[in-house]
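Please read these numbers as outputs of a predicted model, since none were measured by experiment. Just so it is clear, the values below take in all heavy atoms, side chains as well, and ignore hydrogens, waters and symmetry mates. Position 1 is the first residue of the sequence; numbering continues from there.
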Amino acid sequence: MRSAPLFRLRDAFPRSEPGAGGLPPGQRTIGSFPRYGTHFALRDPAVPARRRIELTGPGIAAELDAHALQELPRLEVVADFHCVAGWTARDVRWEGVRFRDVYERFAARRGDDGGGDISHVRVVGRDGFRAVLLLDDALADEVLIADRLDGGPLPIEHGAPVRLVSPGQYGYKSVKYLERIEFHTKKPSDSHQRLFLAAPLKLVGMHPRGRVWHEERHWLFPGRSQRFLNIRIIHPFAYLLGYLGARRTRRKDRLRGVAARNTGQ
Ligand SMILES: Nc1nc2c(c(=O)[nH]1)N[C@H]1C(S)=C(S)[C@@H](COP(=O)(O)O)O[C@H]1N2
Ligand SMILES: [Mo]
């Protein structure tokens with residue numbers, strides 16, 4: 001299957017009936033799979049030479065490297081991808097390992113250090129973006145640490161070399177450019193480390209759970225009340241800016257002759 005394009009002008013103003021075709025409430029389908037996020041028109045962070053994800057928490061200090069990612073059971077998940085702004089990309093095909101398998105292998109069997117049970121997971125990207133998930137949400141069957149998309153290596157604009165994917169939650173939980181997974185016994189802060197990038201996300205979303213079928217878009221306002229603002233006002237700008245950022249990354253990499261790295265290989 002060929003990957004969906006990053007940008008189509010008509011997807012800046014999606015017209016499909018919200019919730020039509022078995023979509024979660026308030027979502028509209030688009031034919032592209034955008035590059036989206038609080039990095040907006042900034043370039044994607046550079047791909048590190050060595051693929052490693054740090055795992056931290058009480059009694060946990062481990063590293064998930066390329067070898068471990070190949071060793072754990074691999075699986076494919078085909079799922080719709082829903083952004084809080086109101087667009088849905090249908091049938092996205094991811095490959096990787098289950099988050100739950102990583103948890104069980106590296107975190108669940110830690111010795112009892114008296115610090116209490118793990119209740120939250122904070123996932124951090126190389127651009128400083130971070131999301132907090134309830135441990136229970138992160139352990140769902142379809143939550144992946146993914147390194148392939150639509151039959152190829154995960155491209156840089158979708159988070160190379162490795163990202164989290166949680167299809168049952170809004171996209172803001174699916175952290176790209178995965179750098180660290182932290183296990184916590186209490187809810188940690190979920191705001192972006194760079195304030196000027198944290199603000200837009202705080203404005204449009206960041207519900208503690210973000211379950212799409214419950215329309216948990218926003219940490220403060222009822223999800224329904226956010227639909228119009230998100231899809232009609234915020235989305236056209238976010239969509240265009242995200243695309244421009246992807247182009248800047250590509251241009252820069254072409255100049256440097258490092259395009260090969262961006263395939264996530
Ligand atoms: N590291 C990082 N991860 C991120 C973001 C981001 O800005 N940085 N944006 C989030 C948002 S709001 C969405 S909708 C999805 C978009 O994923 P995509 O760019 O692959 O479509 O990534 C999420 N993960
Ligand atoms: Mo999003």
Side-chain angles (χ1 to χ4, degrees), residues 1 3-8 10-38 75-94 96 98-100 120-121 123 129 131-146 149-150 158-159 163-176 190 200-239 242:
M1 188 174 101
S3 302
L6 280 182
F7 189 85
R8 291 191 322 177
R10 65 173 175 278
D11 288 345
F13 310 98
R15 298 171 73 111
S16 81
E17 277 303 302
L23 291 183
Q27 294 300 112
R28 294 162 186 258
T29 44
I30 57 176
S32 50
F33 184 27
R35 168 197 184 259
Y36 227 77
T38 54
L75 71 156
E76 187 182 295
V77 168
V78 178
D80 295 348
F81 189 90
H82 312 284
C83 170
V84 69
W87 56 265
T88 293
R90 303 221 79 161
D91 296 330
V92 182
R93 181 153 62 97
W94 306 101
R98 232 181 223 127
F99 180 89
R100 195 202 307 139
H120 293 79
V121 181
V123 188
F129 183 98
V132 173
L133 286 76
L134 293 188
L135 178 66
D136 284 347
D137 289 339
L139 296 182
D141 271 353
E142 73 281 6
V143 178
L144 290 191
I145 294 178
L149 168 66
D150 287 337
H158 292 298
R163 77 178 295 172
L164 188 76
V165 177
S166 178
Q169 297 175 286
Y170 289 114
Y172 52 58
K173 302 290 186 188
S174 292
V175 175
K176 305 194 284 187
D190 63 357
L201 200 62
K202 202 77 186 165
L203 198 74
V204 299
M206 278 305 203
H207 186 282
R209 299 198 68 183
R211 291 171 299 173
V212 297
W213 288 99
H214 292 79
E215 204 169 2
E216 293 169 335
R217 291 180 199 274
H218 202 277
W219 57 278
L220 180 60
F221 303 113
R224 249 195 105 86
S225 69
Q226 301 300 293
R227 286 182 192 172
F228 181 85
L229 176 74
N230 285 11
I231 197 69
R232 287 291 176 240
I233 313 291
I234 294 175
H235 168 69
F237 294 102
Y239 186 54

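- In this structure, the side chain of E216 does not engage the main chain of G223 through any donor-acceptor pair within 3.5 Å.
- Here the closest heavy-atom approach between residue S32 and residue A4 is recorded as C-CB, 4.1 Å.
- The salt bridge (charged side-chain N to carboxylate O under 4.0 Å, His left out) search around D141 returns R100, not counting sequence neighbours.
- At least one side-chain heavy atom of R227 sits under 4.5 Å from a side-chain heavy atom of E215.
- Once rounded to the nearest 0.5 Å, the distance linking CD of Q169 with CD of E142 reads 8.5 Å.
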Run the side chain to side chain contact (heavy atoms under 4.5 Å, CB included) check on R98 and V143 step by step: do they pass? CA-CA 6 Å; R98 232 181 223 127; V143 178; over 6 Å; no
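- In this structure, CG on L149 lies 8.0 Å from CZ on R163, to the nearest 0.5 angstrom.
- In this structure, the side chains of D80 and D91 come closer than 4.5 Å at one or more pairs of heavy atoms.
- Judged by distance alone, the side chain of K173 and the main-chain N or O of P208 form a donor-acceptor pair under 3.5 Å.
- Under the 3.5 Å distance criterion, the side-chain polar atoms of Y36 are left unmatched by any main-chain donor or acceptor of Y172.
- The heavy-atom pair separating N230 from V204 by the smallest distance is ND2-O, 3.6 Å.
- No side-chain donor-acceptor contact under 3.5 Å links S166 to the backbone of S174.
- Between L164 and I145, the closest side-chain pair of non-hydrogen atoms falls below 4.5 Å.
- Classified by interplanar angle (parallel below 30°, tilted 30° to 60°, perpendicular above 60°), the ring pair W94/F33 is perpendicular.
- Counting all heavy atoms, side chain and backbone alike, H207 lies closest to G210 at ND1-N, 3.2 Å.
- V123 has its side chain out of reach of F129: every pair of non-hydrogen atoms, C-beta onward, lies at least 4.5 Å apart.
- To the nearest 0.5 Å, atom OH of residue Y170 and atom CZ of residue R211 are 11.0 Å apart.
- Using modelled atom types, one side-chain atom of H218 and one backbone atom of L203 make a donor-acceptor pair closer than 3.5 Å.
- Scanning for side chain to side chain contact (heavy atoms under 4.5 Å, CB included) contacts around D190 gives V132, K187, K202, M206, with sequence neighbours left out.
- Applying the 6.0 Å contact sphere to CZ of R224 captures no more than 12 heavy atoms from other residues, nucleotides or ligands.
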Quick one: side chains of residues 20-31, donor-acceptor pairs under 3.5 Å with protein atoms, not counting sequence neighbours, listed by atom name and distance.
unit_1: Q27; atom_1: OE1; unit_2: R217; atom_2: NH1; d: 2.9
unit_1: Q27; atom_1: OE1; unit_2: R217; atom_2: NH2; d: 3.1
unit_1: Q27; atom_1: NE2; unit_2: C83; atom_2: O; d: 3.2
unit_1: Q27; atom_1: NE2; unit_2: W87; atom_2: O; d: 3.0
unit_1: Q27; atom_1: NE2; unit_2: T88; atom_2: OG1; d: 3.1
unit_1: R28; atom_1: NH1; unit_2: P14; atom_2: O; d: 3.2
unit_1: R28; atom_1: NH1; unit_2: S16; atom_2: O; d: 3.2

